[in-house]
Amino acid sequence: MLDQERIFEKLCNCGVTFFTGVPDSYLNGFCNYALKHFPEKNIIAANEGNAIGIAAGHYFATKELPLVYMQNSGMGNMINPLVSLVDEHVYSVPMLLLIGWRGQPGMGDWPQHELQGEITIPLLDAMHINYSILTDDIGQYERITDEAVNYCIKYRKPYALIAPKGVMAEEKLNNKDDLYPMSREEAIEIILNHMPSNAIFSVTTGRATRELFYLRERRNESKENDFLNVGSMGHASSVALGIALEKPERKVVVLDGDSAAMMHMGAMTMVSKLHVPNYLHIILNNGAHESVGGQPSAGYKIDFTKIAEACGYETVHHPVTGKEELIAALAALKDCGKASFIDVRIHKGLSGKLPPLDFSHREAIDAMIEELNR
């Protein structure tokens, strides 16, 4: 792993002191250093496109070069602003892009990262963005950074720094706190206990998928009613909505995360136009990007309940913070006659006993399809 102090010293010497992006496990050393040492100049964005826009605004206001960080899975979110805002034929905005390279060919990774890893470099080529692949050689990093910064300034164009596994990562910390009494796993089990046995669950990217998967095993329950959204962060609620529209006789439950919900919050507005009384959207809100390193989100700072009410959901008018409150909220919304929503505040902290989520994605989804089409 590269020395993060040296990394930031070099960036600062090159005039790069503003950072924005979405945290990534491959970049968590970088992200944690920025969080600690540049608290006023490090903006954790809702999604990668949001970060590109923030970086462009920073450049317009200061003429200073920004850096945008992300996992390569977020490249899809950044393509539109890169090609229609930042491009040299539009507003010609220079910026450094630091991209964690999940699914790098030949390195092995989970299935949801394989294709993204394969197309990471071709996507940059297609957008005419020059790039360099970093190693853990600090001298090479410093030379590349000089070249990248000079290129950005000279041509007013972006330049990408690609970080393979181990180059910018450090050990994840288990930032457990006791701000709220429930853990994510405890909240999920309460929800399982108070939903119909045939309820469909659509579960967000990250630890929630693993916790539901292994709760099912511990409880000796079938997994054919569960959609595990292992990739495509922020889209679990949209998948669930599509199912709920077609299967009105089934309860459809979203187990969302605060960071995932904010990444594509526009999806929440859809219930204002649709009648889906079988649709229950629950945000398991720990105020953090926990699965990639624990960096803070805006989850505790915003009022998801008021947002949901404005979008047309029925709610219990306040966040839920304890087991009895959650049980009461589930009962209150059971027969409310419209799409419903609960913001469940949980404490931070990872369950260390869970093994990696290793299953056949195709077999799992085919089993669910068969269950839904009986």
Side-chain angles (χ1 to χ4, degrees), residues 1 21-31 47-49 51 68-80 82-83 97-127 129 131-136 160-172 202-214 223-224 226-240 242 257 259-260 263-264 289-293 350 354-369:
M1 172 182 159
V22 177
D24 168 38
S25 57
Y26 276 22
L27 304 177
N28 69 325
F30 181 94
C31 294
N47 62 53
E48 294 79 7
V68 177
Y69 54 85
M70 72 194 75
Q71 185 180 116
N72 57 346
S73 61
M75 291 176 72
N77 288 331
M78 76 172 183
I79 287 174
N80 179 262
L82 279 178
V83 302
L97 307 173
L98 178 61
I99 302 172
W101 197 359
R102 294 299 303 262
Q104 181 182 0
M107 297 298 292
D109 211 328
W110 300 109
Q112 63 268 28
H113 296 296
E114 287 183 2
L115 180 57
Q116 184 65 60
E118 180 183 330
I119 66 173
T120 292
I121 300 303
L123 280 175
L124 293 171
D125 288 336
M127 292 186 287
I129 294 176
Y131 62 88
S132 293
I133 299 171
L134 301 176
T135 70
D136 58 4
L161 305 175
I162 312 300
K165 184 177 182 179
V167 173
M168 292 280 188
E170 64 183 9
E171 185 177 354
K172 295 179 189 176
S202 180
V203 193
T204 189
T205 311
R207 297 291 292 207
T209 56
R210 290 168 65 180
E211 289 174 357
L212 177 63
F213 185 91
Y214 289 107
K223 303 183 183 77
E224 63 187 7
D226 302 337
F227 170 68
L228 305 181
N229 192 47
V230 293
S232 61
M233 182 174 171
H235 294 296
S237 63
S238 297
V239 173
S259 299
M263 180 166 279
H264 296 294
H289 292 263
E290 191 162 65
S291 295
V292 294
L350 301 173
L354 293 180
L357 187 58
D358 191 5
F359 70 109
S360 168
H361 299 71
R362 183 60 180 269
E363 288 180 8
I365 200 61
D366 285 352
M368 185 182 199
I369 291 169

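Residue numbers start at 1 and run along the sequence shown.
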Of all heavy-atom pairs between Y26 and G100, which one has the smallest distance, and what is that distance?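 For Y26 versus G100, the nearest heavy atoms are CB-CA, 4.2 Å.
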Shortest non-hydrogen separation from L27 to M70 and the atoms involved: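 The answer is CD1-O, 3.3 Å.
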Spacing of [X] atom [atom1] and [Y] atom [atom2] [to the nearest 0.5 Å]:
X: I365; Y: S360; atom1: CD1; atom2: OG; answer: 11.0 Å
X: S202; Y: M368; atom1: OG; atom2: CE; answer: 7.0 Å
X: I133; Y: Q104; atom1: CD1; atom2: CD; answer: 7.0 Å
X: L357; Y: L228; atom1: CG; atom2: CG; answer: 6.0 Å
X: D136; Y: M168; atom1: CG; atom2: CE; answer: 11.0 Å
X: T205; Y: N229; atom1: OG1; atom2: CG; answer: 4.5 Å

With a 4.5 Å heavy-atom cut-off, do [X] and [Y] have their side chains touching?
X: V230; Y: W110; answer: no
X: N77; Y: H264; answer: yes
X: Q116; Y: R102; answer: no
X: I79; Y: L82; answer: no
X: M107; Y: D109; answer: no

If you draw a 6.0 Å radius around NZ in K223, do more than 12 non-hydrogen atoms from other residues or ligands fall strictly inside?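 Yes, the 6.0 Å shell around NZ holds more than 12 heavy atoms from other groups.
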With sequence neighbours excluded, residues passing side-chain contact (heavy atoms from CB on, under 4.5 Å) with V22: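 V22 satisfies side-chain contact (heavy atoms from CB on, under 4.5 Å) with E48, M263, H289 only.
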Under the rule for side-chain contact (heavy atoms from CB on, under 4.5 Å), what residues qualify as partners of A160, not counting sequence neighbours?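 Expected list: L97, I99, L124, I129, Y131, I162.
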K165 backbone acceptor or donor facing W101 side chain under 3.5 Å: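 Checking the backbone N and O of K165 against the side chain of W101, no donor-acceptor pair under 3.5 Å is found.
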Not counting sequence neighbours, which residues clear ring pair (Phe, Tyr, Trp, His ring centres under 6.0 Å) with F359? List them please.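 Ring pair (Phe, Tyr, Trp, His ring centres under 6.0 Å) list for F359, sorted by chain: F213, H361.
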